[in-house]
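What follows is a short report on a single structure.
Just the heavy atoms: all of them, side chains too, but no hydrogens, waters or symmetry mates, feed the values below.
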Amino acid sequence: MRTASFIGQVLGVLLSCACTRTPPSSRTPADDPTLRLMDTLRAHARTHAPVCSPSATLLQPGGGIDLERLRAAGHPVIVWTVNDLPTMQALLRRGVDGIISDRPDLLMQAVRGFDANGDGTPGDLLDADGLIDPKRFDAQGHRGARNLRPENTLPAFEAALDHRMTTLELDTVLTADGVPVLSHDPDLSPMKCRHADGSPLPAPVPIATLTVAKLQSGFVCDRLLEDRPDQTNDRARSPEAVAFAARAGLPDPYAVPTLSQVFAFAADQADAAHEARDPLRTRNARRVRFNVELKRTSEKADIAPAHGDAVARVIQEAGLARRVDVQSFDLRAVRSMQDRHPELRAALLLETRPTAADVKAVE
């Protein structure tokens with residue numbers, strides 16, 4: 001089996017080759033379903049142009065999505081999930097607006113070393129203090145820092161902030177009492193979580209059957225994944241998460257956090273005490289954005305409007321409408337957010353090339 005590193009290197013070469021392609025074809029928008037779809041979503045938007053967020057594989061030659069045409073049409077393009085330097089560098093050269101990565105340490109390295117204007121001096125996407133300029137590029141920590149810490153946890157977001165990500169990307173599902181909490185899966189997975197007393201989960205536990213109180217008191221999601229060799233759950237490596245969890249009354253820093261608690265954690269990292277210790281990290285935390293995904297309860301189930309409403313309510317209560325995107329693979333959920341919560345920017349995640357039927361569904 002080919003390793004992830006090898007696959008990443010191959011993808012990087014393919015994407016680099018794409019940099020030398022001829023300009024976008026003369027096809028009309030009607031011939032390009034991705035462009036038509038994004039044009040249609042933009043026409044529905046009342047305040048913010050939506051983001052196109054494709055898998056990196058869709059941007060390689062023959063992948064089905066024409067990055068240059070999307071950007072020429074003014075559509076922001078933020079690519080997922082890129083975990084190796086060659087692919088990051090190739091995408092930076094092609095001018096993507098952002099990259100989502102499980103390796104915020106590598107992504108920061110790639111951005112720092114990028115020479116956008118070709119004058120031989122890197123750092124063109126950084127501000128005067130050496131932080132990534134969010135107006136020039138969006139560096140997103142995927143599920144916080146999935147390859148460095150167990151995903152969607154406070155320690156994962158601490159790691160993303162340590163590496164100066166401009167955006168914290170995360171997943172949400174709803175508890176039995178309707179509270180948005182962080183999880184990529186509808187169930188607590190035995191591979192990722194355990195009982196709070198240390199005993200393993202014998203089977204997946206549907207989060208929708210648990211109140212937030214039961215979820216946080218009864219379970220801890222600190223298990224390390226075998227295919228993520230750089231992950232650690234050493235609490236000593238996450239002092240900020242440990243301290244915040246204690247103040248917030250969480251029994252463990254790896255308890256499943258609510259969306260509200262993640263917002264509060266980021267705000268906590270931007271207070272005066274943190275500024276005295278690390279001014280640059282604090283400055284970045286003060287302006288950090290959030291990319292909140294609405295997850296399906298199953299592959300065949302549409303996302304209920306109540307999910308988007310609950311997420312929007314937490315965002316509004318935190319006063320973060322200008323700093324939060326809401327993303328989904330579910331076209332109906334994206335359109336619902338545009339109609340019901342136009343103050344929030346929507347992002348469409350793409351794993352496959354859109355079809356004419358997708359365009360028709362949102363017209």
Side-chain angles (χ1 to χ4, degrees), residues 33-55 58 64-65 75-76 78 80-81 100 142-143 151-152 169-189 204-212 215 256 258-260 262 290-316 321 324-363:
T34 309
L35 186 57
R36 285 180 57 203
L37 180 59
M38 294 310 302
D39 284 346
T40 302
L41 290 175
R42 182 166 59 190
H44 285 297
R46 285 181 253 170
T47 52
H48 304 288
V51 175
C52 181
S53 192
S55 164
L58 294 175
I65 289 184
H75 295 294
I78 298 176
W80 60 272
T81 302
I100 301 172
H142 186 230
R143 307 183 201 174
E151 65 186 43
N152 282 317
E169 192 273 351
L170 52 92
D171 307 301
T172 61
V173 298
L174 296 184
T175 61
D177 43 351
V179 177
V181 297
L182 271 58
S183 178
H184 177 264
D185 311 306
D187 304 329
L188 294 175
S189 166
V205 180
I207 294 174
T209 66
L210 302 169
T211 64
V212 68
L215 174 66
V256 176
T258 66
L259 180 59
S260 178
V262 173
F290 304 87
N291 189 7
V292 180
E293 184 175 348
L294 308 180
K295 298 300 295 185
R296 287 186 169 103
T297 55
S298 71
E299 290 186 6
K300 297 182 179 180
D302 291 335
I303 295 170
H307 187 166
D309 292 345
V311 165
R313 185 163 52 251
V314 173
I315 294 168
Q316 295 289 2
V324 180
D325 295 342
V326 178
Q327 64 177 352
S328 183
F329 288 97
D330 186 333
L331 261 174
R332 291 182 179 85
V334 171
R335 282 291 297 114
S336 175
M337 290 301 297
Q338 287 186 310
D339 287 343
R340 297 165 74 92
H341 306 286
E343 73 281 1
L344 301 175
R345 186 169 73 161
L348 177 63
L349 290 160
L350 295 173
E351 191 167 17
T352 58
R353 185 172 184 256
T355 65
D358 292 327
V359 179
K360 187 173 181 59
V362 297
E363 285 179 339

Query raised in the report: What residues, two or more places apart in sequence or in another chain, satisfy side-chain contact (heavy atoms from CB on, under 4.5 Å) together with D330?
Result: R296, D302, I303, S328, R332, A333
Kindly say whether [Y] contributes a backbone atom to a donor-acceptor pair with the side chain of [X] at under 3.5 angstrom?
| X | Y | value |
| --- | --- | --- |
| T355 | D358 | yes |
| T47 | P342 | yes |
| S260 | V314 | no |
| D177 | V212 | yes |
| H48 | A346 | no |
| T172 | E293 | yes |
| H44 | V362 | yes |
| R345 | Q327 | no |

Requested in this report: Could you go through the side-chain contact (heavy atoms from CB on, under 4.5 Å) check for V205 and D187 one step at a time?
Outcome: CA-CA 5 Å; V205 180; D187 304 329; 5.8 Å; no
Find the distance between [atom1] ([X]) and [atom2] ([Y]) and round it off to the nearest 0.5 Å.
| X | Y | atom1 | atom2 | answer |
| --- | --- | --- | --- | --- |
| D185 | I207 | CG | CD1 | 7.5 Å |
| C52 | L349 | SG | CG | 9.5 Å |
| L210 | T175 | CG | OG1 | 8.5 Å |
| L41 | Q338 | CG | CD | 5.0 Å |
| E151 | H142 | CD | NE2 | 8.0 Å |
| M38 | L348 | CE | CG | 6.0 Å |

Report task. Please examine the side chains of I78 and N291, heavy atoms only from C-beta on, and report whether any two atoms are closer than 4.5 Å. Result -> no
Report task. Verify side-chain contact (heavy atoms from CB on, under 4.5 Å) between V173 and T297, making sure each step is shown before the conclusion. Result -> CA-CA 8 Å; V173 298; T297 55; over 6 Å; no
Report summary line: For residues 328-349, the ring pair (Phe, Tyr, Trp, His ring centres under 6.0 Å) pairs (sequence neighbours left out) are W80-F329
Nearest heavy-atom neighbours spanning [X] and [Y]:
| X | Y | result |
| --- | --- | --- |
| P33 | A356 | CB-N, 4.4 Å |
| R353 | T34 | CG-OG1, 4.1 Å |
| L344 | V326 | CD1-CG2, 4.0 Å |
| M337 | G308 | SD-CA, 3.5 Å |
| P54 | I65 | CB-CD1, 3.9 Å |
| A45 | P50 | CB-CD, 4.2 Å |

Query raised in the report: L188 and V256: side-chain contact (heavy atoms from CB on, under 4.5 Å), yes or no, with the steps?
Result: CA-CA 10 Å; L188 294 175; V256 176; 4.1 Å; yes
Query raised in the report: Can we say R42 and D39 salt-bridge, meaning some charged N sits less than 4.0 Å from an Asp/Glu carboxylate O?
Result: yes
**Report entry** side-chain contact (heavy atoms from CB on, under 4.5 Å) partner of P354, chosen from L37, V359, L331, L35
**Finding:** L37
